[in-house]
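What follows is a single structure, written as structure tokens, with notes after it.
Side-chain atoms are counted along with the backbone in the values below, which use heavy atoms only and exclude waters and symmetry mates. Along the sequence shown, the residues carry numbers beginning at 1.
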Amino acid sequence: MKTRVGGVSDMTIWRWLRKPDLGFPRPININGRNYWPEAELTAFIESRRARV
């Protein structure tokens, strides 16, 4: 399953969440599903682009 975060896999998201130095935002869990505020995802993506 692909996500809206740059088309990366669920496994990649799982790995990013386990690397606190990356700064990937923590999800909000609602009824067993994870959601991220769009502004936090955008900020994360932009911070990664700045490093490349």
CD1-OH distance between Ile28 and Tyr35, expressed to the nearest 0.5 angstrom: 11.0 Å
Interatomic spacing from CG in Asn34 to CG in Leu17 - rounded to 0.5 Å: 7.5 Å
Pairwise distance CD1(Ile45) to CD(Glu40) - rounded to 0.5 angstrom: 12.0 Å
Ring center gap for Phe44 and Trp36 short of 6.0 angstrom: no
Asn31 CG: over 12 foreign heavy atoms closer than 6.0 Å: no
Minimum side-chain heavy-atom gap Arg15-Arg18 below 4.5 Å: no
Donor-acceptor contact present, side-chain Thr42 to main-chain Glu38, <3.5 Å: yes
